[in-house]
Amino acid sequence: VKLNLTDYEIEARSVLPSHVYDFIAGGSCDQVTVQECCLAFSRWRFVPRILRGHKNISTATTILGHPISLPVLVAPWAAQKLCHPAGEIATARAAKKAGTIFTLATPSTVHMEDVAAEADHWWFQLYIFRDRGFTRDLVLRAAAAGASALVVTVDMPVFGRREADERNRFALPSEMSLVHFPPKEHFGLPDTGSAVAISTNSLIDPGIAWADLEWLASLSPLPIVVKGVLHADDARQAVDVGARALIVSNHGGRQLDSAITSLDALPKVVEAIDGRAEVLVDGGVRRGSDVLKALALGARAVMVGRPIAWGLAVNGEDGVLHVLSILREELQRDLHLSGCSSPAVLDRTLLTPALSAPTSVARWY
Ligand SMILES: Cc1cc2nc3c(=O)[nH]c(=O)nc-3n(C[C@H](O)[C@H](O)[C@H](O)COP(=O)(O)O)c2cc1C
């Protein structure tokens, strides 16, 4: 039986080829940030309230005006056919059943129009390519296909150094392709290193700047969500340029190693934005209590990446739905145990810094 998200990771590890598991689970360099992302949640404690008389607890909220039944969105993550033949289609269907938003990554293995046919509310995540015409066409295509927001990922001017992928000489299987990447010369497998890193670096613009965000804001019919914000000044500037929401994120520890954890970065960003945009956070969310802590620190919702991959690898659409259901039940129970009836009533008074915290992530096996 799988009771929690760690159970899913353990089973996914046993069913996936080890180089695929490494690609998904891994981070950059020494993986300090990957590990810290989960530990950051354990540095906060709840101070629950009692005798509040709540019988019905709601996990519902809204994002950019759209109602969702769970403040947990599906983060954009690449090449989902690595985990299951139905790939992004299965994940989009599960998100729809769970009443939440699916974010389709630019490096997806399914065309956005095919995802749109299965999804309810979905966002499109954009990488800014060197080829600006191609980039613009992707934005307009996503709007025409029915995406309701454009998530611009800004923390990847260059691919983080994922050493496991280099050792494994990680590449997509030849029958799989990233259908929204610009056409490129087929340069086969490099002699060394990660093919994914090499081809991504050849296509993505290493010099992205604020002017590019302004350009996107001027051409995009969709609201812009900026993903990969960690500094309060950048948060302010992103909103000034037109972002309607921000995702506080370090890309799951896959880019700059030793970057601050997103949970630790969250309070200053929330303070700097002061309600001018919605703030989301991702990285290391593995329990309903993690969601509760993020919301109490001012996030409107969280995103989850790897746990969705584990659900998809273990049991396709049903696995993803179960992962989201586990988070929903945990969040609902923890709201109840905290004396809170819904996300809307949460604030910092629910939390206090831990006097001592674990130095490694608990694994119940
Ligand atoms: C395998 C994998 C692929 C990812 N691909 C993308 C991507 O294409 N675009 C993007 O913005 N973020 C991507 N991310 C980052 C996620 O959106 C998210 O920030 C991160 O996974 C959150 O951390 P978590 O996995 O601990 O939940 C990827 C993450 C993983 C694990």
Side-chain angles (χ1 to χ4, degrees), residues 5-6 8-9 12 16 19-28 31 33-41 72-83 87-88 91 101-110 112 123-129 138 149-157 159-160 162 164-165 170 172 178-181 194 196-197 199-200 203-204 208 225-230 246-256 259 261-263 265 280-287 290-291 294 299 301-313 320 323-324 327 361:
L5 271 46
T6 301
Y8 266 95
E9 175 166 1
L16 287 171
H19 64 282
V20 172
Y21 174 82
D22 287 352
F23 167 67
I24 297 171
S28 48
Q31 310 197 99
T33 298
V34 177
Q35 296 170 53
E36 273 286 310
C37 268
C38 290
L39 287 170
F41 290 92
V72 177
L73 282 68
V74 175
W77 58 277
Q80 301 194 5
K81 281 189 180 172
L82 286 169
C83 288
E88 287 82 359
T91 309
I101 294 168
F102 170 73
T103 312
L104 182 71
T106 294
S108 72
T109 44
V110 173
M112 58 174 100
W123 291 354
F124 183 70
Q125 176 266 324
L126 182 77
Y127 280 131
I128 302 174
F129 291 108
L138 266 186
L150 185 70
V151 177
V152 185
T153 300
V154 294
D155 58 10
M156 203 166 85
F159 214 66
R162 327 258 171 91
D165 296 348
F170 184 71
L172 288 188
L178 303 180
V179 298
H180 301 120
F181 266 34
S194 152
V196 169
S199 75
T200 306
L203 296 169
I204 286 183
I208 51 168
V225 179
V226 177
K227 178 171 184 280
V229 177
L230 292 170
L246 307 177
I247 303 168
V248 178
S249 173
N250 51 39
H251 214 110
R254 298 163 74 80
Q255 288 297 101
L256 176 64
T261 74
S262 36
L263 195 76
L280 287 83
V281 64
D282 77 14
V285 173
R286 303 292 180 263
R287 285 281 188 186
D290 297 340
V291 183
V302 305
M303 284 185 149
V304 284
R306 295 180 184 86
I308 301 292
W310 310 142
L312 186 62
V320 174
V323 162
L324 290 167
L327 285 172
V361 181

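Counting starts at 1 for both ligands and their atoms, following the listed order. Scope of the values below: all heavy atoms of this structure, side chains included, with no hydrogens, waters or symmetry mates.
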**OP:** Report, in ascending order of atom number, the atoms of ligand 1 lying under 4.0 Å from any heavy atom of R306.
**Re:** 23 (O), 24 (P), 25 (O), 26 (O), 27 (O), 31 (C)
Original post:
How close does the nearest protein non-hydrogen atom get to atom 3 (C) of ligand 1, and which residue and atom is it?
Top reply: A78 N, 3.4 Å
Subject >> Atoms of ligand 1, numbered as shown, that sit under 4.0 Å from any heavy atom of G283 >> reply: 22 (C), 23 (O), 26 (O)
**OP:** Output the list of atoms in ligand 1 that are nearer than 4.0 Å to some heavy atom of G284, sorted by atom number.
**Re:** 24 (P), 26 (O)
**OP:** Can you measure from OG (S199) to CG (L172) and round to the nearest 0.5 angstrom?
**Re:** 7.5 Å
Subject >> F181 ring center within less than 6.0 Å of F129 ring center >> reply: yes
Subject >> Distance filter under 4.0 Å to A105 heavy atoms, resulting ligand 1 atoms >> reply: 8 (O)
Original post:
Considering only heavy atoms, does R286 approach ligand 1 within less than 4.0 Å through its side chain, its backbone, both, or neither?
Top reply: side chain
Original post:
In Å, rounded to the nearest 0.5 Å, how long is the span from CD of Q80 to OG1 of T91?
Top reply: 4.0 Å
**OP:** With heavy atoms under 4.0 Å as the rule, classify the contact between Q125 and ligand 1 as side chain, backbone, both or neither.
**Re:** side chain
**OP:** Starting from atom 27 (O) of ligand 1, find the nearest protein heavy-atom neighbour and note its residue, name and distance.
**Re:** G305 N, 2.8 Å
Original post:
Can you tell me how far CG of L150 sits from CD of Q125, rounded to the nearest 0.5 angstrom?
Top reply: 9.0 Å
Original post:
Considering Q80, H251, R254, M156, which one's heavy-atom position lies nearest to atom 2 (C) of ligand 1?
Top reply: R254
Original post:
Where is the nearest protein heavy atom to atom 11 (O) of ligand 1: which residue, which atom, and how far?
Top reply: T153 OG1, 2.7 Å
**OP:** Can you sort out which atoms of ligand 1 are near S249, meaning under 4.0 Å from one of its heavy atoms?
**Re:** 19 (O)
Original post:
Between F23 and R254, is there a cation-pi geometry (under 6.0 Å to ring centre, at most 45° from the normal)?
Top reply: yes
Original post:
So, is F23 polar-close to ligand 1, with some N/O to N/O distance under 3.5 Å?
Top reply: no
**OP:** Enter the distance from I24:CD1 to H19:NE2 here, rounded to the nearest 0.5 Å.
**Re:** 10.0 Å
**OP:** State whether the shortest distance between N or O atoms of P76 and N or O atoms of ligand 1 falls below 3.5 angstrom.
**Re:** yes
Original post:
Taking the minimum heavy-atom distance to atom 22 (C) of ligand 1, which of D282, L82, V304, L178 ranks first?
Top reply: D282
Subject >> Whether T200 side chain and V196 backbone form a donor-acceptor pair below 3.5 Å >> reply: yes
Original post:
Rounded to the nearest 0.5 Å, how far apart are CG of D155 and NZ of K227?
Top reply: 6.0 Å
Subject >> Separation between CD1 of I128 and CG of L203, rounded to the nearest 0.5 Å >> reply: 14.0 Å
Original post:
With distance as the sole test, does H251 use its side chain to make a donor-acceptor pair with the main-chain N or O of G228 at under 3.5 Å?
Top reply: no
**OP:** Examine the side chains of D282 and S249 and answer whether a donor and an acceptor come within less than 3.5 Å of each other.
**Re:** yes
Subject >> For ligand 1, the portion of K227 having any non-hydrogen atom under 4.0 Å away >> reply: side chain
**OP:** Would you check the N or O atoms of Y127, main chain and side chain alike, for any that come under 3.5 Å of an N or O of ligand 1?
**Re:** yes
**OP:** Please say whether P107 places an N or O atom under 3.5 Å from an N or O atom belonging to ligand 1.
**Re:** no
